[in-house]
Protein chains: 2
Amino acid sequence: MRQVQAPQDPPAKAFALPKDPTQRAWVAIQRFGPALLERVETRLKTAGFPALEWYDVLWAIEREGPLRQRDLAGHMLVARYSISRLIDRMEAEGYVSRRECPEDGRGQMIHATTAGLKLRKAMWVVYSKAMRDALAPLTEKEALQLAALLEKLA
Amino acid sequence: MRQVQAPQDPPAKAFALPKDPTQRAWVAIQRFGPALLERVETRLKTAGFPALEWYDVLWAIEREGPLRQRDLAGHMLVARYSISRLIDRMEAEGYVSRRECPEDGRGQMIHATTAGLKLRKAMWVVYSKAMRDALAPLTEKEALQLAALLEKLA
DNA sequence: GGTGTATTGTTGCACTTGCAACGAATACCC
DNA sequence: GGGTATTCGTTGCAAGTGCAACAATACACC
């Protein structure tokens, strides 16, 4: 997570917002996006849960079945070596397991263990609440608008 | 920066977008925001420039005059220790200097050097272009909308 | 088939980050 | 004033990250 919110203090200072629309949008993306993410991650962490990426991996596997690292990287927009090490850690904790990939000797299928499925469910309780709180200032309509605008940028 | 775009490959896979407006907005913020940031940072990096934070520090000082680390942290929504080490690095490269703070013995005023001002200007050439390209899919009106929505979440 | 190229996942290294603790200085409060 | 709490900036340590290189496998093409 590109960290951006101060974990130590909540300084809350006023910002000089640029007048130019593009710049103003950029500043908002650069500042408030990451700050928002961090707010949610902090909730997870203080609840004793691992980072969001762990959730993302487990959820992707739960939705689509065992996946290759390549596909996980694709889903999460993360570099391959990041996934490799993330899986290392998750495997060490017993949440996923690597098994060989039948149709490609290089690859491997990442499976979720029972503990993994359980972890994802438990995380969702905290995660969904934190997410909703973070987006509470927006109406449903605004949330959709925001999503649409960001999707346009992908 | 919470990295999220794959520096090695541009996989470009389709995503399953949630139907729930809040969740959809959240996914967009979590995925596309960081990906956008990374796109711009990559442009800076390949042009041989340091990361965006350096720009932010220099620009804040240029706008408001010498600042304390506390205030820089406030502006950038970053932890104090991050600023401390960031200033370490920037000082080592000769872009800023620490001077004592007259009215608070704990603090220090961070000044930009001539090289620092020059660096910021040079970075802006690349930065502004990259920013505009990244936000090109949006009209001015949409950019303003996006900014307003994100500001609501701060 | 055989040869050259591309992809997949891993790893050594240097660097950055978060956390917790710290010393120094200030602010508060009676 | 004097004592306590708070703030500011720093730092040791463990953990995470990007980069570049790697071995192994797959693919393309003749």
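Throughout, protein chains are lettered first and strands after them, A, B, ... in sequence-line order, and every chain is numbered starting at 1. Everything quoted here is computed from the prediction, not taken from an experiment.
Atom CD of B:Glu41 and atom P of D:dT17 are 15 Å apart (whole Å). The interatomic distance linking B:Asp88 (CG) with C:dC15 (P) rounds to 14 Å, in whole Å. When the P atom of C:dA24 is taken as reference, atom CD of B:Glu100 falls 17 Å away, rounded to whole Å. For the pair A:Arg80 CZ and C:dT10 C1', the computed distance is 10 Å after rounding to whole Å. Rounded to a whole Å, the CZ atom of A:Arg98 is 16 Å from the P atom of C:dT8. We find that CG of A:Leu67 is positioned 11 Å from P of C:dG9, with the value rounded to whole Å. Rounded to whole angstrom, the span from the CD1 atom of A:Ile83 across to the P atom of D:dG16 amounts to 14 Å. One atom, CG of B:Leu52, and another, P of C:dT16, lie 16 Å apart when rounded to the nearest Å.
One finds a side-chain N or O of A:Ser82 lying less than 4.0 angstrom from the OP1 or OP2 phosphate oxygen of D:dG18. Phosphate contact (OP1/OP2 of C:dC22, side-chain N/O of B:Arg106, threshold under 4.0 Å): absent. Remark: B:Arg70 is not in phosphate contact with C:dA25, judged by side-chain N or O atoms under 4.0 Å from OP1 or OP2. Not one side-chain nitrogen or oxygen of B:Tyr81 sits closer than 4.0 Å to the OP1 or OP2 atom of C:dT17. The shortest distance between the side-chain N/O atoms of A:Arg68 and the OP1/OP2 oxygens of D:dT25 is not below 4.0 Å. For D:dT10, the OP1/OP2 oxygens have a side-chain nitrogen or oxygen of B:Gln108 closer than 4.0 Å. Within the structure, a side-chain polar atom (N or O) of A:Lys45 is placed less than 4.0 Å from OP1 or OP2 of C:dC19.
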Checklist entry - Given B:Asp133 and B:Arg39, is the salt bridge (charged side-chain N to carboxylate O under 4.0 Å, His left out) satisfied, shown in steps? => result CA-CA 10 Å; B:Asp133 289 351; B:Arg39 229 187 286 164; over 6 Å; no
Next on the checklist: Run A:Arg70 and A:Asp104 through salt bridge (charged side-chain N to carboxylate O under 4.0 Å, His left out) and show every step you take.
Outcome noted: CA-CA 12 Å; A:Arg70 173 191 56 174; A:Asp104 188 337; 5.5 Å; no
Item to check | A:Leu36/A:Val40 under side-chain contact (heavy atoms from CB on, under 4.5 Å): CA gap, chis, key distance, verdict | outcome: CA-CA 7 Å; A:Leu36 216 61; A:Val40 172; 5.8 Å; no
Checklist entry - Passes side-chain hydrogen bond (donor to acceptor under 3.5 Å, both in side chains), B:Tyr127 versus B:Trp59? Steps please. => result CA-CA 12 Å; B:Tyr127 184 15; B:Trp59 179 230; over 6 Å; no
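One N or O on the side chain of B:Glu142 and one on the backbone of B:Thr139 form a donor-acceptor pair closer than 3.5 Å.
Heavy-atom distances to DNA chain C give each of B:Asp104 and B:Arg85 a nearest nucleotide, and the one nearer the 5′ end belongs to B:Arg85.
Between D:dG9, D:dT17, C:dG9, one nucleotide has an atom nearer to the side chain of A:Gln69 than all others, and that is C:dG9.
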